[in-house]
Amino acid sequence: MRDIHTDTNCSSPRTPNVRLRRRSNEVGAIPAEISKSNGNNLLVDDKSKYKSMWIRAYSSLWMLASVSLIIYLGHLYIWAMVVVIQIFMASELFNLLRRASQDKRLPKFKLLNWHYFFTAMLFVYGRILSQQLVNTVTSDKLLYRFVSNLIKYQMVICYFLYIAGFVWFILSLKKRYYKYQFGQYAWTHMILIVVFTQSAFTVANIFVGIFWFLFPAILIAMNDVGAYFFGFYFGRTPLIKLSPKKTWEGFIGASVATMIAAFTFANFLGRFQWLTCPRKDLSTGWLQCDPDPIFKPDYIPLPGLISHWLPWKEIAVLPVQWHALWMGLFASIIAPFGGFFASGFKRAFKIKDFGDSIPGHGGFTDRMDCQMVMAVFVYIYHQSFVVGQDYSVEMLLDQIMRNLGSEEQLSLYTKLGKILQERHL
């Protein structure tokens, strides 16, 4: 009876404290910037907007210079940049659900997250490599054989690395921490799906041609800058409650600016071969290739009324510019919802930014939310509407034979046989 009485006395005052603590967490844990943004604190009315604008400007210039240098160096360096960004994003997302008090009593449990991270990296990027790419890595037979076997058995290696992590997780389970550990386990897998699924499309775009990586990134940056400045000077009408500082004026102004930038920048970037040529090996040299037809200009004559006042009679338009308009439309209307999703996500965790790696911008996850959505769209669009369909010899012969009579088919087989014999001799 004493035990029961003691338990009830201990539990009765505990409930109000828990409620009070929960209430204080819900209100007090929200940073001042977020609580202010719940009101009508539009960017145009923000008194400290000029200070924040200069901080963002300086950070943007540093990022622009760094990214420009990496793009100049070529495909492999861009790929390395994507990997570094992934590491920063994973670190920011891993820390969202971490509790210092729990981690202290679970030594080396953090390493499990990174074990799964690098296993996923080996699985995703190992599939991009092929025997043809390995031929350019080294002339050393021993290293070549090692790399070849690594790629051949890549899926087996990744599977057993994952199983090793699974066993590691089970052995690390501790009483009273089950819920926290299983929550971290599920959270890690969700992060890997979000980060690597979309980043794999980004890397695929890089090797198809730097243009298909750089151009969408420019559109997202242009839309972001346009929305910021149009909202900075003209924003009065709130756009969405998840991002109270986003306005219709900024959204519409940025959309118009992005569409203009899409048409003009596609013409400029599409004239550089080292941006448009696909990379088929792991070398780092500049590329030269026969330009794809979408990067060869079409000359459109100007109407007589217009050409009368201009020194030229026709304009050169690259076919890729018409594709660029669709990408600009997506970057203007759909891609911003990646940012809205991230805003709602941050509100759910009561944080202002995912990190503080980039002054004035937050963390790398804050900068890559729209970029990831855009990269997936560009890959799907490129594969669906830009890349020509590849036909095998069997498919071509099947199509030809369907339109020929029996005598014509026999004649064709006879001629093909003679050609093969002559080449063999």
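Residue numbers run from 1 in the order of the sequence given.
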Please find the pair of heavy atoms, one from [X] and one from [Y], that lie closest to each other, and give the distance.
X	Y	value
Asp366	Gly363	OD2-N, 2.8 Å
Trp326	Trp322	CD1-O, 3.5 Å
Tyr299	Ala316	CE2-CB, 3.6 Å
Pro291	Gln273	CG-NE2, 4.1 Å
Val373	Gly338	CG2-CA, 4.1 Å

### Query
When the aromatic ring centroids of Phe251 and Phe230 are compared, is their separation below 6.0 Å?
no
#### Entry: Ring centers of Phe211, Phe272 separated by less than 6.0 Å
no
Are more than 12 heavy atoms, taken from residues, nucleotides or ligands other than [X], located less than 6.0 Å from that residue's [atom1] atom?
X	atom1	answer
Asn95	CG	yes
Trp168	CH2	yes
Tyr379	OH	no
Tyr153	OH	no

Counting only pairs under 3.5 Å, give me each side-chain donor-acceptor contact of residues 256-266, with atom names and distances, residues two or more places apart or in other chains.
| unit_1 | atom_1 | unit_2 | atom_2 | d |
| --- | --- | --- | --- | --- |
| Thr258 | OG1 | Asn223 | ND2 | 3.2 |
| Thr258 | OG1 | Ala254 | O | 2.6 |
| Thr264 | OG1 | Ile260 | O | 3.0 |
| Thr264 | OG1 | Ala261 | O | 3.3 |

### Task
Under the side chain to side chain contact (heavy atoms under 4.5 Å, CB included) rule, what do Ile218 and Leu269 come out as? Steps first, then yes or no, please.
CA-CA 11 Å; Ile218 289 176; Leu269 297 177; 3.8 Å; yes
### Task
Please step through ring pair (Phe, Tyr, Trp, His ring centres under 6.0 Å) for the pair Phe337 and Phe341, ending with a clear verdict.
CA-CA 6 Å; Phe337 280 86; Phe341 176 85; over 10 Å; no
How far does [atom1] of [X] sit from [atom2] of [Y], to the nearest 0.5 angstrom?
X	Y	atom1	atom2	result
Met374	Gln371	CE	CD	8.5 Å
Phe354	Met368	CZ	CE	13.0 Å
Gln184	Phe94	CD	CZ	9.0 Å
Lys346	Leu96	NZ	CG	10.5 Å
Phe364	Phe88	CZ	CZ	5.0 Å
Ser172	Tyr177	OG	OH	13.0 Å

### Query
Mind checking whether Phe196 and Phe117 have parallel, tilted or perpendicular rings, split at 30° and 60°?
tilted
Identify every side-chain donor-acceptor pair in residues 107-115 under 3.5 Å, counting partners at least two apart or on other chains, and give the distances.
| unit_1 | atom_1 | unit_2 | atom_2 | d |
| --- | --- | --- | --- | --- |
| Asn113 | OD1 | Thr188 | OG1 | 2.6 |
| His115 | NE2 | Leu161 | O | 2.7 |

Within a strict 4.5 Å, meaning less than it, do heavy atoms of the [X] and [Y] side chains meet?
X	Y	value
Leu76	Phe207	yes
Lys296	Asp290	yes
Tyr116	Ile191	no
Leu93	Thr365	yes
Leu318	Ile294	no
Thr247	Arg236	no
Ile220	Cys370	yes
Tyr77	Tyr72	no

### Task
Kindly indicate, with the supporting measurements, whether the criterion ring pair (Phe, Tyr, Trp, His ring centres under 6.0 Å) is fulfilled by His189 and Tyr162.
CA-CA 11 Å; His189 282 70; Tyr162 181 85; 5.7 Å; yes
Under the side-chain hydrogen bond (donor to acceptor under 3.5 Å, both in side chains) rule, collect the residues that match up with [X], sequence neighbours excluded.
X	answer
Ser255	none
Ser343	Ser243
Ser332	none

Taking only distance into account, with no hydrogens and no angle test, what donor-acceptor pairs under 3.5 Å do side-chain atoms of residues 61-70 form with protein atoms, sequence neighbours excluded?
| unit_1 | atom_1 | unit_2 | atom_2 | d |
| --- | --- | --- | --- | --- |
| Ser66 | OG | Trp62 | O | 2.9 |
| Ser68 | OG | Leu64 | O | 2.6 |

For [X], enumerate each residue passing the side-chain contact (heavy atoms from CB on, under 4.5 Å) test, keeping only those at least two apart in sequence or located in another chain.
X	answer
Phe385	Tyr381
Ala186	none
Leu173	Phe169, Ile170, Tyr178, Gln181, Phe182
Pro359	Ile55, Ser59

### Query
Is there any salt bridge (Lys or Arg N to Asp or Glu O under 4.0 Å) pair reaching into residues 367-384, and which pairs are they, with sequence neighbours excluded?
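Only Asp224-Arg367 qualify under salt bridge (Lys or Arg N to Asp or Glu O under 4.0 Å).
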### Pairs touching residues 190-219 that satisfy side-chain hydrogen bond (donor to acceptor under 3.5 Å, both in side chains), sequence neighbours left out
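Sorted result for residues 190-219: Gln86-Ser199.
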